Amino acid sequence: MMMEAENKEMEIKDGRPDKKKDAVPKSAWQELGGWIVYIILIIGLTYLIITFVGQRTQVDGHSMEPSLSHGDNLIVDKLSYRFRDPSRYDVIVFPYQHAENTYYIKRIIGMPGETIQIKDGYVYINGEKLDEHFGAEVMQETSNNIAANPVELADDEYFVLGDNRNHSSDSRDPSVGILKRSQIIGRAWVRIFPFNKIGFVKHE
């Protein structure tokens, strides 16, 4: 009788059954379902970030030297322009219209409503020479320069140039041309590789 009383005392604490004895282990299907939900949430969050917030891209070519170099890995900020318009000298990313999954990275030079011209190797905005220091050298005259004569930008248009002006396909070239606001994907934000050059991309 004493032994039975002791056993009952061990199984019942404060009048409540021992939870350990009543616990039912999760089935394999329940655990698998939990993992599936977790993976779906991660994929959904990743999609939202890539679509609306930012994405990784790699610089291919030398058109933005010395500011950006071939092989640099960048994070593109896709969120800022949902709240404000692009600014002069912003380094932006936009799709190349003649090739799928190909993107260009250039610097905004001409703003909406301005008249832009490239004359004697320099940029003129509304007839005045632009005082800027991003161009690596004086621009050489080319036969396909659409801004050799004054070009008036519409209210949603931007004129972009590469910093390495004589080795860049940009708004001077008809194959790139003037950009519409809707074409701009985002703004180069931070360089994450190579590691010795990690830091925010300078826009001004």
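For clarity, every value in this text was computed on a predicted model and none was experimentally measured.
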Asks: Decide, yes or no, whether a salt bridge links Lys180 with Glu157 under the criterion of side-chain N to carboxylate O below 4.0 Å.
Replies: yes
Asks: Would you give the length of the straight line joining atom CD1 of Ile92 to atom CD1 of Ile184, rounded to the nearest 0.5 angstrom?
Replies: 4.0 Å
Asks: If you look at every heavy atom in Gly61 and His70, which pair is closest and at what distance?
Replies: N-ND1, 2.8 Å
Asks: Taking all non-hydrogen atoms of both residues into account, name the closest pair between Val160 and Asp170 and its distance.
Replies: O-CB, 3.3 Å
Asks: Would you check if there is a donor-acceptor pair between the side chains of Ser67 and Lys202 at a distance under 3.5 Å?
Replies: no
Asks: Please check: side-chain N/O of Glu152 versus main-chain N/O of Glu114, any donor-acceptor pairing under 3.5 Å?
Replies: no
Asks: Over 60° means perpendicular and under 30° means parallel, so tell me whether Tyr104 and Phe94 are parallel, tilted or perpendicular.
Replies: perpendicular
Asks: Under 3.5 Å, is there a donor-acceptor pair linking the side chains of Ser171 and Lys106?
Replies: no
Asks: Is there side-chain contact between Ile178 and Phe159, with at least one heavy-atom pair below 4.5 Å?
Replies: yes
Asks: Looking only at side-chain N and O atoms, does Asn166 offer a donor or acceptor that is under 3.5 Å from a partner on Glu137?
Replies: yes
Asks: Looking at every heavy atom in both Pro112 and Tyr158, which two are closest together, and how far apart are they?
Replies: CD-CE2, 3.4 Å
Asks: Count the heavy atoms of every other residue, nucleotide or ligand shown that sit under 6.0 Å from CG of Asp131, and state whether that count exceeds 12.
Replies: no
Asks: Salt-bridged, Arg82 to Asp77, with N to O below 4.0 Å?
Replies: no
Asks: Suppose we call two aromatic rings close when their centres sit under 6.0 Å apart. Are Tyr124 and Tyr122 close by that rule?
Replies: no
Asks: Step by step, work out the salt bridge (Lys or Arg N to Asp or Glu O under 4.0 Å) result for Asp120 and Lys129.
Replies: CA-CA 11 Å; Asp120 300 326; Lys129 185 178 176 182; over 6 Å; no
